[in-house]
Engineer: 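Next up is a structure, given as structure tokens.
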There are 2 protein chains.
Amino acid sequence: MPTRTGRPPRISKTDILAAAHRVIGSEGTQALTMRRLAREVGTTPMALYHHVRDKDELLLMLLDDYAAGVPRPEPPAGAAPGERVVAAAVAMRGALMGVPWIIEVLRADDLMSVRALWYPEEIIDASVLAGLTPEEAVDVYRIIWHYTAGEITARAAAARRREDDRPTHRSEVFENLDAARLPRLAALGAQWEELTARDTYDKGIRALVRGLLPPPAA
Amino acid sequence: MPTRTGRPPRISKTDILAAAHRVIGSEGTQALTMRRLAREVGTTPMALYHHVRDKDELLLMLLDDYAAGVPRPEPPAGAAPGERVVAAAVAMRGALMGVPWIIEVLRADDLMSVRALWYPEEIIDASVLAGLTPEEAVDVYRIIWHYTAGEITARAAAARRREDDRPTHRSEVFENLDAARLPRLAALGAQWEELTARDTYDKGIRALVRGLLPPPAA
DNA sequence: GAGACTTTTTATACATGTATAGAAAGTAGC
DNA sequence: GCTACTTTCTATACATGTATAAAAAGTCTC
């Protein structure tokens, strides 16, 4: 009989998460401070810390909620394993791309959130079907994860820089280029800004899949 | 004649950077706060902000100093372009791996630091020699950069988690696994921790190179 | 050399995440 | 009902990055 002892809780993890969603939804991600959240829940800031280890964990749980909303697509019937890996990776990245505060969370954990585990499952499964051992398939997933996390982080950082419209730091770099030692970069020059705005995620994923999975039997 | 007007500066960017190096060297990276740094330089915290936009920029400059210390290796004479790309990427990652606060800086910029531009130069040059257009070569560099940044971030996050010895959050995940929906992950189970500790950077880089560069003429 | 102007430095203040200590509010044993 | 114990919540405090306003310390014009 689980009769709880101690002072009965006034708030729950669920309350906190719901309030966090409300705040983010109505006032944006930057409004989500522990104090603001406490007000929304109707308690004090420190009370939150009895239900949540720290803000990172809170964000991780929000990410979990969010990722759970993205449904697992039906695996395309006759698709080659490589295509299944690509599809899963693209879906994973698509889910994360929409979360603006992702950049703060990615520092905190390297595995996808609890309810979004179908991404690794799918990637690992397809890799095994392609002929890899489970161990190798895990490597494939981790490599893809690293690539994806890096791409998203860079994307988010670039977006933030655009907001603050910092002078990009790169223009400065390209002005003081030593053309003798760095001819390729010097030749690219002004093009750089434009070239680095391109979305190369798919290209990278396909290259990884080509390089990691055995070629499909002809 | 550039006779400077206005109040003469008491401190310089150089002073600040030198002090920052001293602090980090003797007391570790966590001791580097703006107040501590100001004390070390002999000024007030806010005075630093006349020489440095914010702490991120300061860290970026420290990274620059650090990366400049890593010498550009002589390009191996007869090496295939692909091998040159791999070597440059591994060197780049090696240089970053040693910087413990890297994780805070990577959020701030996506291009390597000013004095470490030989990494992209080398990768782009080798890619062009392998037969790609300069535009494609830039893609190659960016894809490699994303992968590298992601790997380093994950590595740093894992290291920090080990310090705080948080219960890894993953054990919990694997305990509540729905084995019916996620058979591969369930089968891996306890192995996961061990498998994800492996260093797969090289494997990923080689796969990227295989997938991105045209096969060498036989 | 007196005021205008510019650059650098200082003082003060604020928002934020979170540590710490203790108060509040319940259950269990007697 | 009283004491012990447990859990949750509150109050207070601190370190941190940094905004803002004003003071200080020069040069330039006349």
Side-chain angles (χ1 to χ4, degrees), chain A residues 1-17 19-20 23-24 27-62 101 103-105 107-108 157 160-161 163-166, chain B residues 1-17 19-20 23-24 27-62 101 103-105 107-108 157 160-161 163-166:
Chain A
M1 53 205 66
T3 44
R4 309 284 304 149
T5 173
R7 178 173 176 168
R10 304 181 73 83
I11 61 177
S12 69
K13 228 166 192 163
T14 320
D15 296 338
I16 296 179
L17 282 178
V23 171
I24 287 189
E27 296 171 56
T29 165
Q30 67 183 353
L32 188 70
T33 69
M34 297 308 271
R35 286 172 172 81
R36 176 77 186 74
L37 187 55
R39 262 200 348 256
E40 188 79 16
V41 182
T43 182
T44 58
M46 289 314 291
L48 302 174
Y49 284 85
H50 253 265
H51 306 263
V52 155
R53 186 203 311 269
D54 53 23
K55 198 183 178 186
D56 264 6
E57 188 185 290
L58 178 75
L59 292 177
L60 224 44
M61 291 190 308
L62 285 177
W101 34 269
I103 202 168
E104 263 142 289
V105 179
R107 302 188 314 157
R160 196 162 59 171
R161 208 169 29 240
E163 262 183 35
D164 306 1
D165 72 352
R166 297 208 182 174
Chain B
M1 53 205 65
T3 45
R4 311 284 304 150
T5 173
R7 176 171 177 168
R10 305 182 72 82
I11 60 177
S12 70
K13 229 167 192 164
T14 319
D15 296 339
I16 296 179
L17 283 177
V23 171
I24 288 189
E27 296 172 56
T29 165
Q30 67 183 352
L32 189 73
T33 70
M34 296 308 272
R35 287 172 171 80
R36 176 76 185 75
L37 187 55
R39 259 196 359 252
E40 187 78 16
V41 182
T43 181
T44 59
M46 289 314 291
L48 302 175
Y49 284 84
H50 251 264
H51 306 264
V52 156
R53 188 203 309 271
D54 54 21
K55 198 183 176 185
D56 264 5
E57 188 185 290
L58 177 76
L59 292 177
L60 225 45
M61 292 190 308
L62 285 177
W101 34 270
I103 202 169
E104 263 141 289
V105 178
R107 303 189 313 159
R160 197 161 58 170
R161 210 172 26 243
E163 261 183 37
D164 306 1
D165 72 350
R166 299 206 180 178

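Hydrogens, waters and symmetry mates are skipped; everything else that's a heavy atom, side chains included, is used. Chain letters run A, B, ... following the sequence lines, proteins first, then strands; residues in each count from 1. Quick caveat, the model's predicted, so the values are computed rather than measured.
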Engineer: Taking NZ from A:Lys13 and C1' from D:dC9, how many angstroms apart are they, rounded to a whole number?
Structural biologist: 17 Å
Engineer: Using whole Å, report how far CE of A:Met34 lies from P of D:dT12.
Structural biologist: 20 Å
Engineer: B:Thr43 side chain N/O closer than 4.0 Å to the phosphate oxygens (OP1, OP2) of C:dT10?
Structural biologist: yes
Engineer: So, taking the atom named NZ in A:Lys13 and the one named CE in A:Met61, what distance separates them when rounded to the nearest 0.5 Å?
Structural biologist: 5.5 Å
Engineer: Nearest whole angstrom, please: distance from the P of D:dT10 to the OH of A:Tyr49.
Structural biologist: 15 Å
Engineer: Compare the minimum distances between each of C:dG17, C:dT9, D:dG26 and the side chain of B:Pro8, then state the nucleotide with the smallest one.
Structural biologist: D:dG26
Engineer: What I want to check is whether an N or O donor and acceptor connect the side chain of A:Arg4 with the base of C:dG26 at under 3.5 Å.
Structural biologist: no
Engineer: Find the distance B:Leu58:CG to D:dT16:P and express it as a whole number of Å.
Structural biologist: 15 Å
Engineer: Think A:Thr44 has a side-chain N or O under 4.0 angstrom from the OP1 or OP2 of D:dA11?
Structural biologist: no
Engineer: Indicate, with a heavy-atom threshold strictly under 4.0 Å, whether A:Arg10 touches base, sugar-phosphate, or nothing.
Structural biologist: sugar-phosphate
Engineer: In Å and rounded to the nearest 0.5 Å, what is the CE to CG distance from A:Met34 to A:Asp54?
Structural biologist: 8.0 Å
Engineer: CD of A:Gln30 versus C1' of C:dA15: gap in Å, rounded?
Structural biologist: 13 Å
Engineer: With DNA chain C as reference, determine whether A:Pro45 or B:Ala47 sits nearer its 5' end, using the nearest nucleotide of each.
Structural biologist: B:Ala47
Engineer: Are any of B:His51's side-chain N or O atoms less than 4.0 Å away from OP1 or OP2 of C:dT9?
Structural biologist: yes
Engineer: How close or far is atom P of D:dT20 from atom NE2 of B:His50, stated in whole angstroms?
Structural biologist: 13 Å
Engineer: Would you mind reporting whether A:Thr43 and A:Arg10 have side-chain heavy atoms less than 4.5 Å apart?
Structural biologist: no
Engineer: Which residue lies toward the 5' end of DNA chain D, B:Gly6 or B:Leu32, if each is placed at its nearest nucleotide?
Structural biologist: B:Leu32
Engineer: Please find the pair of heavy atoms, one from A:Leu59 and one from A:Trp101, that lie closest to each other, and give the distance.
Structural biologist: O-CZ3, 3.3 Å
Engineer: For residues B:Leu58 and B:Leu32, determine if any side-chain heavy atom of one lies less than 4.5 Å from a side-chain heavy atom of the other.
Structural biologist: yes
Engineer: Using the side-chain heavy atoms of B:Thr5, tell me which of these nucleotides is nearest: D:dT18, C:dT16, D:dG26.
Structural biologist: D:dG26
Engineer: Atom CD1 of A:Ile11 to atom C1' of D:dT10: distance rounded to whole Å?
Structural biologist: 12 Å
Engineer: Using whole Å, report how far CE of A:Met46 lies from C1' of C:dA24.
Structural biologist: 17 Å
Engineer: Ignoring the backbone of B:Arg7, work out which of C:dT18, D:dT18, D:dA24 is nearest its side chain.
Structural biologist: D:dA24
